[in-house]
Amino acid sequence: MSQHLSEQEIVRRDKLTELEALGVNPYPPELFHVSHYSQAILDTFDAEQNNLPDVSLAGRIMSVRLMGKAAFAVLQDAGGRIQLYIGRDAICPGEDKTLYDEVFKRLVDIGDFVGVKGYVFKTKTGETSIHVSSLQLLAKSLKPLPIVKEKDGEIYDAFTDPEQRYRQRYVDLVVNPHVRNTFIKRTKLVKTIRDFLDAHGAMEVDTPVLQNIPGGAAARPFATHHNALDVPFYLRIANELYLKRLIVGGFDFVYEFSRNFRNEGMDRTHNPEFTVLEFYVAYKDYFWMMDFTENLLEKIAIELHGTTEVTMGDKVLNFKAPFKRVPIYDAIKEFTGFDVSEMDEAGLVDVCKKLHIETDASMGKGKLIDEIFGAKCEGNFTQPTFIIDYPVELSPLTKKHRSKAGLVERFELMVNGKEIANAYTELNDPIDQRARFEEQAKLMERGDDEAMFIDHDFLRALEYGMPPTSGIGIGIDRLVMLMTNQASIQEVLFFPQMRPETEGE
RNA sequence: GAUUCCGUAGCUCAGCUGGUAGAGCAAUACACUUUUAAUGUAUGGGUCUUGGGUUCGAAUCCCAACGGGAUCACCA
């Protein structure tokens, strides 16, 4: 496997040999004791008190400004960046100046990991810096990093090519602090949810990713094959039916951050694998779930931003609970002028024609209503809004509405014109559930390739009895996009799916 | 999947209507002990994504492939 090396890469490899000749191991095995992170030093240093006389920290060299017998360098560690002041005589107190003249000046590059010890001080210009008394190479970097510079908020030579940023996320993370920040927020968001659920007595669980019957959602699955059993398996499209089995089993409140896989198109809001938080709570209904959800989202916004107001593009979204609740038929009436609540399939097809929405023979009543809502209404709901009471045809796992015929107790949460959560009062009547599955089977025969499969084991579970339950799925990637002001899902996934690179590097 | 734009040095980009490449940063060498997009001087660095075609001659024009972005369609 021959590797084409650039001039700079050859130079760095040559430096390895030079370092070894000087007795410096470019990849030493010993631990390096880190006493402080850069950010902690910047936060706590007090020049009057000189309270940090002895620190040691480690990280990557991000820039070097050489001035003969002294130099300034920027060290980047997990907490941020801090300036180093490296004087020749400070790191080489004796006669031998090799460490400074050769190792540091010539053989250490931008991107190398070093460990330094010294005291903290403020330079003439007032920048908190480390006065380095000892410097050690911890790991050599053989590829030149993109050099991003910044002055007065202006970024120069930014590393911006999306393809390179996504394929080599490690470089993106090293060089673009704002990218790093987005992912820190993502983790914080997940932790906030976990803490919130745990505080309400929920139990986090794991359910199968490899499934016989890909259930719980309408989507095309990835298919695979188990050799020993010689049976097909599918990567899960949702975990809903498994979590409900756990409710049957006697757990009252279960949740899972479910990595789901759907074999469909990709664009800036869809990745083939994505994360949905699902949770199910026994003895609750969808009204309770709306209350709980708006409180959860309000809490997330406050944790991440210190306020319920979140900027998304040119809009400000306000997650202050409670959110508006709008029945889907009301929404359609408001934005199209048509009252579709009493219409049959033919009437709906007619409305679609008038609204210039394409239809085909495979679409049932529910699907047609969904199309109208998706085309004409969805985009209008910028502020968090619960759309409630969907037609039964669209919701094969949802309990029929307690008072409105033909509807189910379901809501979707729309924010910034997109659905980010979907919840119901769960259907726990096994007879009705069987009938709904059979409806789905008919739709599948009509050509709807997203209709649900019949899951007989799930029906069996329901027959043993499931308590009244409310459940929800919240799209975590989309929620992170909203909370971090990102227009593309690729910006909130460390490693978004890409076509494989053809020629290896 | 459709439409459209893009692919030149490690990074960010120039390269006009075709005459086989250029800048800044990075790299190399030298100078400089409190600088901060450090500076000064000098030097090196490119299968111009790939493959065809047109032409005396292609980074540039044409065709195709590969990869990516944006918009649209479907799904979360």
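In what follows, chains carry the letters A, B, and so on, assigned in the order in which the sequence lines appear, proteins first and then strands, with residues in each chain numbered from 1.
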**Q.** side chain to side chain contact (heavy atoms under 4.5 Å, CB included) between A/D157 and A/I147, intermediate numbers included
**A.** CA-CA 7 Å; A/D157 298 331; A/I147 307 293; 6.0 Å; no
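For the P atom pair drawn from B/rU3 and B/rU12, the interatomic distance equals 29 Å after rounding to whole Å. The same atom, C1', is picked in B/rA64 and in B/rG7; the two are 16 Å apart, to the nearest Å. Between B/rG67 and B/rC75, the two C1' atoms lie 25 Å apart (nearest whole Å). Nucleotides B/rG51 and B/rC66 place their P atoms 15 Å apart, quoted to the nearest Å. B/rU20 and B/rG57 have their P atoms separated by 14 Å, given to the nearest Å. Look at the P atom in both B/rU60 and B/rC16: the space between them is 11 Å, to the nearest Å. When the P atom is compared between B/rG53 and B/rU41, the two are found 48 Å apart, to the nearest whole Å. Across the C1' atoms, B/rA65 and B/rA29 are found 44 Å apart, a figure rounded to whole Å.
Residues A/R167 and A/D477 each lie close to RNA chain B; by heavy-atom proximity, the contact nearer the 5' end of the strand is made by A/R167.
The interatomic distance linking A/D172 (CG) with B/rC11 (C1') rounds to 13 Å, in whole Å. At whole-Å resolution of the value, NZ in A/K143 and P in B/rA9 are 14 Å apart. Following rounding to the nearest Å, A/N271 (CG) and B/rG68 (C1') show an atom-to-atom distance of 15 Å. The interatomic distance linking A/D14 (CG) with B/rG44 (C1') rounds to 14 Å, in whole Å. Taking atom CD of A/E163 as the reference point, atom P of B/rU8 lies 10 Å away to the nearest angstrom. As rounded to whole Å, 13 Å separates atom C1' of B/rC75 from atom CG of A/N422. Across the protein-nucleic acid pair, A/Q168 atom CD and B/rG68 atom P stand 14 Å apart, rounded to whole Å. Note: NE2 (A/H270) to C1' (B/rG1) measures 15 Å, nearest angstrom.
Residue A/K97 is classed as having no contact, given no heavy-atom separation below 4.0 Å to the nucleic acid. Using a 4.0 Å heavy-atom criterion, one finds that A/Q490 contacts the sugar-phosphate atoms exclusively.
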Q: Scan nucleotides 23-35 of chain B nucleotide by nucleotide, 5' to 3', and note B when protein non-hydrogen atoms come under 4.0 Å of the base, S if they reach only the sugar-phosphate, - if neither.
A: -BSBSSS--BBBB
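Donor-acceptor pairing under 3.5 Å, judged by distance alone, is present between the side chain of A/D267 and the base of B/rC74.
Dashed line: the shortest gap from a side-chain N or O of A/R220 to OP1 or OP2 of B/rC74 is not under 4.0 Å. At the phosphate of B/rG67, neither OP1 nor OP2 sits under 4.0 Å from any side-chain N or O atom of A/Q164.
Of the nucleotides present, B/rU41 is the one that pairs with B/rA29 by Watson-Crick or G-U wobble criteria, both distances under 3.5 Å. Using N1 to N3 plus N6-O4 or O6-N4 for Watson-Crick, or N1-O2 and O6-N3 for G-U wobble, each under 3.5 Å, B/rA64 pairs with B/rU50. Across all strands shown, B/rA70 is found opposite B/rU3 as a Watson-Crick or G-U wobble partner, with both distances under 3.5 Å. Within the shown strands, nothing qualifies as a pairing partner of B/rG18 under the Watson-Crick or G-U definition with both distances less than 3.5 Å. The partner of B/rG24 is B/rC11, judged by Watson-Crick or G-U wobble contacts that both fall below 3.5 Å.
Taking the six-membered ring where the residue is Trp, the centroids of A/F292 and A/F196 are separated by under 6.0 Å. Residues A/F458 and A/F453 keep their aromatic ring centres 6.0 Å or farther apart.
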When the side chains of residues 271-281 of chain A are checked against the rest of the protein, which donor-acceptor pairs come out under 3.5 Å, sequence neighbours left out?
| residue | atom | partner | partner atom | Å |
| --- | --- | --- | --- | --- |
| A/N271 | OD1 | A/Q497 | N | 3.1 |
| A/N271 | ND2 | A/E273 | O | 2.9 |
| A/E273 | OE1 | A/R259 | NH1 | 2.7 |
| A/T275 | OG1 | A/R259 | NE | 3.3 |
| A/E278 | OE1 | A/Y280 | OH | 2.8 |

Please report, to 0.1 Å, the donor-acceptor pairs under 3.5 Å made by any side chain of residues 100-107 of chain A, with sequence neighbours excluded.
| residue | atom | partner | partner atom | Å |
| --- | --- | --- | --- | --- |
| A/Y100 | OH | A/G68 | O | 2.9 |
| A/Y100 | OH | A/A70 | N | 3.0 |
| A/Y100 | OH | A/A70 | O | 3.2 |
| A/E102 | OE1 | A/R106 | NH1 | 2.3 |
| A/R106 | NH2 | A/E18 | OE1 | 2.8 |
| A/R106 | NH2 | A/E18 | OE2 | 3.1 |

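Counted by atom type alone, A/R410 and A/T398 present zero donor-acceptor pairs between their side chains at under 3.5 Å. No donor-acceptor contact under 3.5 angstrom links the side chains of A/S488 and A/E491, judged on distance only.
Without hydrogens or angle criteria, A/D112 side chain to A/S141 main chain gives a donor-acceptor distance under 3.5 Å.
For A/T269, whose side chain is taken as the heavy atoms from C-beta onward, the closest listed nucleotide among B/rC75, B/rG67, B/rG69 is B/rC75.
Distance check: A/I110 CD1 to A/S63 OG gives 6.0 Å after rounding to the nearest 0.5 Å.
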